[in-house]
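To start, the structure under review is shown below, and the notes come after it.
We number each residue from 1, following the sequence as shown. Since the structure is predicted, the reported quantities are computational estimates derived from the model, not experimental observations. Computed over heavy atoms, backbone and side chain alike; hydrogens, waters and symmetry mates excluded.
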Amino acid sequence: MTKIPKKFLLASVFLLLLIPIIPLVAADFSIETEMTTNSVCPTHTILIQDIVTSTVNAPYSVTITGPAASFTTAVPPGFYLEAGQSQTVFLYITPPSSTMPNTYELIVTIESQGTSKQVTHDIIVENCHSTSLTASPKTIEICSCDETDVILTLENQGEYLEEYELSAEGFASSWITLSSDEIDLLPDSSIDLTAHIQVPCGKAGDYEITFNVESKNSIAEASDNVLIKVYPCYDFIISTEKTLYEVCEKNDIIIPVSIKNLGTQDNTYKINFDGPNWASIDMKEISINKGESDSFNINVAPPLRTTGQFTLELEIMSINGKVIKKEEITIDSIKCYDFSISIEEEQEIICNGLSTTYAIDLKNYGKFDATYSIVLEGPSWATLSQDEIFLNPNEKKSLTLTVAPPENTFAQSYEIKIKATDQETKLSGEDSLSVTTATQKQCYQPFITTEKEIFEVARDNTATALFIIENKGTQEGIYDIVVTGTATQFSQINPGTITIKPAKAENLYLYIAPSPDVDLGTYTATITARLKDSTILATKTITINVIEGKETEPTVTPALDLGKIWGNIINFFKGIFTFEKEPEDEVIIIGEGEAEAEAEAESESEAEAEAEGESEGEGEPVTGTAPYLVKDIPNIKIGINEAYTLDLNEYFGDPDDDALFYTAVKPINITLQMVQNVVTIKPENGFEGERIIIFYASDGVDTVTSNDITITVGQATEKEVAIDFARILSDYKYYFIGAAIIILIIIILLSGLGEKIVDFFEEEVEEKPKNNNKKK
């Protein structure tokens, strides 16, 4: 341990004893103020001096606070004084232009070595931006529609240049126009401005306007008020009974317009008018005493066929006061004269020598009675039942047009025009009928077709030849049917007279029955269809080859054996799942010769049975029943350049199950290919349109016709494609079922299930011999 010297300890004790008796030396100072003024204008500067005198050596700091401190700067902010020295603190005070007039306190604090002293100064910011605004006169009396001026005196009473903005406010401020709304004004100067007042027409009463002036660079502002008393010296009103008038075309109306002078003095009014050329006014100027009324008229007369809404515009101005008022009137011109004429047909084909009548309808759609003159323009063989007709409003009547072309009329188209004219308004309308005359040959033209033109018939046998007779004319025809030719000795046709409507056909059958005495050879039969009591006819000739008869075995159609069909199906599946047997299994195979012999025997027995049946029924008359239409054949839609196949057996039937053969008259642009009961319909390349077809079914004795089938050739829609696909599914459903069965069999074989099935059948085969042995 280090030993502390005794001298150090004694010195320390001595110093501690001296501390209580050492006096504390604090700074001491005084503050004096010198100022010229404490009042200042905004943006001006004043100086205040605070003098600090120190009695000791010490440092000093200066701080300022209070509302005036924001626009005061103190320098210096700090200093050092020896005893007896002084320092001046300069306070520069400059209020900004936005400083409002008021008294603001400034506190100056001097601090040194823990001692501080304060001096407070009251800074007075004066209003040095003074402005005055005076309006003259203060009260104005004026008429509506008149104008006057107000003088505004603006004076800058401040000490600065001011940039002033002037404005007006109040309900009537929109009437004011200032000669200037921005003014720069020097101090102690003034200027007179003009406020022009334009009072609108129709105003009356007291209105107060306030004029304001504000400085853009200071807070200076001033205002003054003016009272405007407005009187209706030149006011007037326009009145009409209504603002919308309805008038008939080709009629006229008078619309009175009234003007009332509401002013305080007599006045004259100038009338301006704008409207369609069929509307006018009866005067252009009118004078009216104060408090009185007068009127003028608008004449409206829309011509025929002028309909719709039209606007009439009135602008009336008073000569005194220049008061302008406007009024609009709407004219609704409606159709009051209208009618229609129509013939029931637009075009017609008429046979020469015949007479046809047509109704001509005439209706008055107007609001008034009318008499119409009727005129016919056309050939002399067209006549009207009357040439004048009277109709009440909304009444309809008919007259008759008779068309009777003579037999020697040239076959062509003739236009017959019927024109009706309103005798009062001369309003006219017309309609026409296009008539095409046709010769009797064109009207009743028969056409004969046959299934085939060459027939072979054995002697002592019979046959029938189908003839289709179509009426290609425009009128219903009654035709005599005659057979001529070398075959008439053994053929005949019935009936002898038939009636056929236009575009329809009838079937006739030529019965052919050459006797054993008829010589072998070729014969002809000509069928003639002749319109009664005329030269119009059609013929068709067929060739009949009479040959030697041949004995033919009757053909027997076996009945459908469902048991045999089911057996074949079972054998089919057995054949699929049958594999080679062991050598000891015995298989019996029928030879081809034996099979043929068995088939011949079966055929002979069937032939004998059929012959026996025929012999048993010999001598009994066989009564046939006519074929019938099972159901209507639907309309057919075919794509362009496509074909359509139809099975007619689905739509025709025969109670006796007789074989049916089918025919049809080929439509234009359509090709028919008939193979037994299936017909293929194929349009010509590029053809698009509609045709009508009728099919005929015959059992050799009787014939039945189908319904009218419309064949439409064009682009197929998605729906039609779907329907056709459904038909394909229906027609070939058994093929699809067979295909599905085959696919199922393949799946069974590939999956291994086939081997189990085969094993199952093999076990059955192995068990059978054991059973046979037991039986033996």
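E169 and T210 form no side-chain donor-acceptor contact under 3.5 Å, judged by distance and modelled atom types alone. If you check the side chains of S398 and D361, you find a donor sitting under 3.5 Å from an acceptor. For the 3.5 Å distance criterion, the side chains of T94 and T45 qualify, holding a donor opposite an acceptor. A side-chain N or O of Q157 and one of S130 form a donor-acceptor pair less than 3.5 Å apart. At a cut-off of 3.5 Å, with distance as the only test, a side-chain donor of Y164 or T131 sits close to an acceptor on the other residue. Counting only N and O atoms by type, the side chains of T436 and S413 include a donor and acceptor under 3.5 Å apart.
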Working for side-chain hydrogen bond (donor to acceptor under 3.5 Å, both in side chains), residues S215 and E162:
CA-CA 6 Å; S215 176; E162 300 287 355; 2.4 Å; yes
From CA spacing to verdict: side-chain hydrogen bond (donor to acceptor under 3.5 Å, both in side chains), S287, T268:
CA-CA 4 Å; S287 296; T268 300; 2.9 Å; yes
Going through the distances and angles, do H44 and E159 end up as a side-chain contact (heavy atoms from CB on, under 4.5 Å)?
CA-CA 11 Å; H44 284 200; E159 299 181 9; 4.0 Å; yes
Derivation and outcome, side-chain contact (heavy atoms from CB on, under 4.5 Å), residues N261 and E292
CA-CA 6 Å; N261 185 353; E292 295 182 358; 5.9 Å; no
Taking it one step at a time, do I64 and L106 satisfy side-chain contact (heavy atoms from CB on, under 4.5 Å)?
CA-CA 7 Å; I64 56 175; L106 177 64; 4.1 Å; yes
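Between L178 and L193 there is no side-chain heavy-atom pair separated by less than 4.5 Å. Two residues are said to be in side-chain contact when any heavy atoms from C-beta on lie closer than 4.5 Å; D338 and R305 meet this criterion. Between I140 and L227 there is no side-chain heavy-atom pair separated by less than 4.5 Å. F211 is not listed as a side-chain neighbour of N225, based on a closest heavy-atom distance of 4.5 Å or more. Counting heavy atoms from C-beta outward, I259 and I316 have side chains that approach closer than 4.5 Å.
At least one test fails for K367 against the ring of Y337: distance under 6.0 Å to the centre or angle within 45° of the axis.
Between F71 and Y104, the gap from one ring centroid to the other is short of 6.0 Å.
No donor-acceptor pair under 3.5 Å is formed between the side chain of S189 and the backbone N or O of L185. In terms of modelled atom types and a separation under 3.5 Å, the side chain of N212 and the main chain of S167 share no donor-acceptor contact. The main-chain N or O of E249 is found under 3.5 Å from a side-chain atom of N251 such that the two form a donor-acceptor pair. In terms of modelled atom types and a separation under 3.5 Å, the side chain of T37 and the main chain of S39 share a donor-acceptor contact.
Applying the side chain to side chain contact (heavy atoms under 4.5 Å, CB included) rule to T409 yields the partners N352, W381, P405, P406, Y414, T437; only residues at least two apart in sequence or on another chain are considered. Remark: F310 pairs with W278 by the ring pair (Phe, Tyr, Trp, His ring centres under 6.0 Å) rule, at least two apart or across chains. In terms of the ring pair (Phe, Tyr, Trp, His ring centres under 6.0 Å) criterion, residue partners of Y207 (sequence neighbours excluded) are, by chain and number, F171, W175.
Across all their heavy atoms, V713 and I640 have their closest contact at CG1-CA, 4.2 Å. Nearest heavy-atom pair, I176 versus A195, reported as atom, atom and distance to 0.1 Å: CG2-CB, 4.1 Å. Heavy-atom minimum distance, I271 versus E285: CD1-N, 4.3 Å.
A salt bridge between D235 and K325 is present, with a side-chain N of the basic residue lying under 4.0 Å from a carboxylate O of the acidic one. Here K326 pairs with E315 in a salt bridge; the nearest charged N to carboxylate O distance falls below 4.0 Å. Between K290 and D266 there is no salt bridge, since no side-chain nitrogen of the basic residue lies less than 4.0 Å from a carboxylate oxygen of the acidic one.
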